[in-house]
Amino acid sequence: MASRHYKLTSLVGFGAALTALTMTLAACGGGNNTDGSGNADGTSGSVMIDGSSTVYPLSAIAAEDFQNENPGVRVTVGSSGTGGGFEKFCRGETDANDASRPIKDGEAADCEANGITWGSLTLAIDAMTVVVNKNNDWATCLTTDQLAQIWAPNSTVSNWNEIDPSFPDEPLALFGPGTDSGTFDYFTGEINGEEGASRTDFTPSEDDNVIVQGVSGSKGGLGYFGFTYYEENTDELKAVSIDSGAGCVAPSVETARDGSYTPLSRPLFVYVSTQALARPEVASFFQYYVDNDAEIAKSALYIPLSEDGQAELVSDFNDLMAQVGTE
Amino acid sequence: MSTRQSLEQQPQSFSPQSLSGKGTPLRDRIFMWALFLALAVGVFTLAVLLIYVTVKGWPRLDLRLITNMPSVRDPENAGAQSALTGSIWVITFTALIALPMGIMAALYLEEFARPSSKFQRFIEVNIQNLAAVPSIVYGILGLAVFARALALGQSVITASMTLALLVLPVIIISTREALRAVPRSIRDGSLALGATEWQTAYRQTLPAAVPGIATGTILALSRAIGEAAPLLLLGAVSFITFNPDGVLSNYTTMPIQIFNWTKESREEFQILAAATIVLLLVILLAMNFIAIWIRNRTQKRW
């Protein structure tokens with residue numbers, strides 16, 4: 001009987017050991033991150049950001065750099081998607097929301113109902129480039145309809161001359177980003193009308209170099225990826241101009257910034273609640289974010305704002321902070 | 001008739017070699033090979049997966065993985081410490097909530113509840129159905145009840161309570177199985193010696209069932225530690241560079257961190273994700289090993 005009793009206590013003992021382990025870890029963790037002490041300006045507290053996985057790299061870089069300088073502040077960044085993020089943001093569960101599109105009326109109404117007031121800041125420009133082989137001398141401009149024809153979920157287009165009879169008889173080889181990526185969602189959403197809707201018989205890769213190699217290695221190759229990757233590989237690839245009804249527009253920093261390169265470029269936003277900005281740690285984080293935005297955008301491989309855009313970002317943020325002051 | 005006879009003559013082991021004898025009918029041999037093939041497919045897939053992940057993650061399988069925090073700027077030196085500690089926090093509190101509750105519920109159902117009453121059958125059916133509910137549904141429940149109604153937010157305790165609910169049916173079912181395996185004579189003997197029902201359950205039946213309970217619960221917790229879907233919904237964050245310091249702290253877990261890294265386009269993150277998968281697998285194997293160890297150490301044959 002005693003021995004059986006021992007067995008039961010061994011189970012309890014296991015639980016106790018588990019608890020002890022956690023407490024030890026907690027002690028370690030606490031030691032590394034003493035709340036709100038030891039940093040230069042004494043700011044402490046936490047900042048919670050959620051939202052678009054496309055904007056996530058920007059906010060994560062900002063969070064990482066800011067925390068290096070302000071170890072007392074804890075910044076977390078989620079990537080639930082723009083819509084999922086707004087749901088939390090408008091309930092007051094997060095301080096700011098990363099967004100790859102403007103807030104919708106319904107979402108704004110939710111915010112209003114919960115007494116959340118906000119301002120939006122434009123952080124950078126996300127653009128995509130459709131690329132073909134250097135030796136492809138026929139496809140200088142494609143319409144969005146032609147792209148949709150190529151990339152539709154059940155597309156059987158396998159030769160360039162099926163896209164346009166004036167194109168030569170050249171087999172089509174397709175390359176694209178992995179289906180988990182934000183670029184894939186964006187492209188399929190804009191071109192095929194539904195995020196994730198795409199033919200599946202293309203070569204997907206999370207590694208953009210694979211797309212570069214694939215397209216530069218086959219004469220009939222076609223692929224798409226972020227504009228900044230194209231900028232690094234202009235020698236090996238040719239960018240296709242896009243005609244969405246208003247004539248052919250070549251992808252460039254300028255056309256992406258002024259919005260004429262449509263629909264494959266878009267501004268990226270962060271929506272910040274003025275209630276949250278009243279907290280010093282949130283205000284100082286976003287001050288940092290705004291001040292270093294150009295560098296952060298470049299590091300995250302997005303197109304940084306123009307000089308005017310930067311000035312506008314700063315003034316938008318100052319206006320927002322002025323609102324906080326008056327409340 | 002001849003088939004049955006030849007089957008009866010088969011040795012206990014089902015290895016395909018033992019079936020290649022001339023006396024075995026073709027149909028039997030095909031059937032056995034089919035069984036073996038079914039097993040081989042599973043084992044082979046697992047082996048390929050393990051080898052692939054280990055090879056891919058090899059360059060980053062070092063101490064930095066557990067000493068460093070995640071980094072967007074420097075994936076070469078980034079680690080998964082916050083995810084590792086987050087997972088340990090979450091799973092510990094999952095265990096602290098689910099274990100006592102599950103074992104007590106099973107003890108009641110098996111030892112005290114009036115058998116085959118309508119109420120009992122109703123509960124049994126429900127528990128079995130709960131075990132089959134997709135984990136994302138628990139995530140929705142946790143979000144609505146724990147995160148929002150109880151205002152616990154995106155915290156460790158929200159995740160633990162949700163995962164505890166998720167594994168509770170499995171713990172109850174495996175504990176009941178373990179209790180049922182304790183021979184009737186043990187209970188009868190105890191009662192005959194004047195012990196009360198409670199004393200019998202607590203001092204005889206429950207201790208005797210510990211091996212089964214431990215195995216079942218650790219396997220259930222192994223499932224919980226690998227869960228990503230409900231936690232994504234509950235708001236485990238993607239980028240966090242501090243360890244949880246309390247049950248209301250923000251957190252992330254290893255599956256979430258892996259999921260997040262595999263979405264990154266840079267190769268360094270893919271390698272980091274592979275290394276973290278290996279770390280997660282090591283933890284899972286260790287948990288399963290503990291389960292087997294407890295079972296072997298305490299097992300009793302009646």
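A, B, ... follow the sequence lines: proteins, then strands. Residue 1 opens every chain.
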Engineer: At a heavy-atom distance under 4.5 Å, which candidate from A/K88, A/M48, A/R91 has the highest pair count against chain B?
Structural biologist: A/R91
Engineer: Evaluate the side-chain proximity of B/F239 to A/I49: yes if any heavy-atom separation is below 4.5 Å, no if none is.
Structural biologist: no
Engineer: Is it the case that over 12 heavy atoms from other parts of the model lie below 6.0 angstrom from the CZ atom of B/F259?
Structural biologist: no
Engineer: Given side chains that start at C-beta, do those of B/N250 and A/R74 come closer than 4.5 Å, heavy atoms only?
Structural biologist: no
Engineer: Around A/E232, counting heavy atoms of other residues, nucleotides and ligands shown, do more than 12 lie under 6.0 Å from its CD?
Structural biologist: yes
Engineer: Sort out for me which of A/V75, A/V77, A/D50, A/L301 touches chain B most, counting heavy-atom pairs under 4.5 Å.
Structural biologist: A/V77
Engineer: Looking at B/Q154, B/R266, B/Q270, B/R148, which one has more heavy-atom pairs under 4.5 Å with chain A than the rest?
Structural biologist: B/R148
Engineer: Can you tell me if A/E64 uses its side chain to pair, donor with acceptor, with the backbone of B/V72 under 3.5 Å?
Structural biologist: yes
Engineer: I need the residue from A/A300, A/S80, A/G78 with the largest number of non-hydrogen atom pairs under 4.5 Å to chain B.
Structural biologist: A/G78
Engineer: Where on A/Y56 is there a heavy atom nearer than 4.5 Å to chain B: the side chain, the backbone, both, or neither?
Structural biologist: side chain
Engineer: For A/T76 and B/F242, which heavy atoms make the closest approach, and how far apart are they?
Structural biologist: CG2-CZ, 3.7 Å
Engineer: In Å and rounded to the nearest 0.5 Å, what is the OG to CD1 distance from A/S46 to B/I240?
Structural biologist: 10.0 Å
Engineer: Which heavy atom in B/R73 sits nearest to a heavy atom in A/I61, and how many Å separate them?
Structural biologist: NH2-CG2, 3.3 Å
Engineer: Measure distances from B/S82 to the heavy atoms of chain A and classify the residue's part below 4.5 Å as side chain, backbone, both or neither.
Structural biologist: neither
Engineer: Measuring heavy-atom distances to chain A, does B/E264 have an atom under 4.5 Å in its side chain, in its backbone, in both, or in neither?
Structural biologist: both
Engineer: Which bit of A/D65 is near chain B, if near means a heavy-atom gap under 4.5 Å: side chain, backbone, both or neither?
Structural biologist: side chain
Engineer: Tell me, side chain or backbone of A/Y229 under 4.5 Å from chain B's heavy atoms, or both, or neither?
Structural biologist: side chain
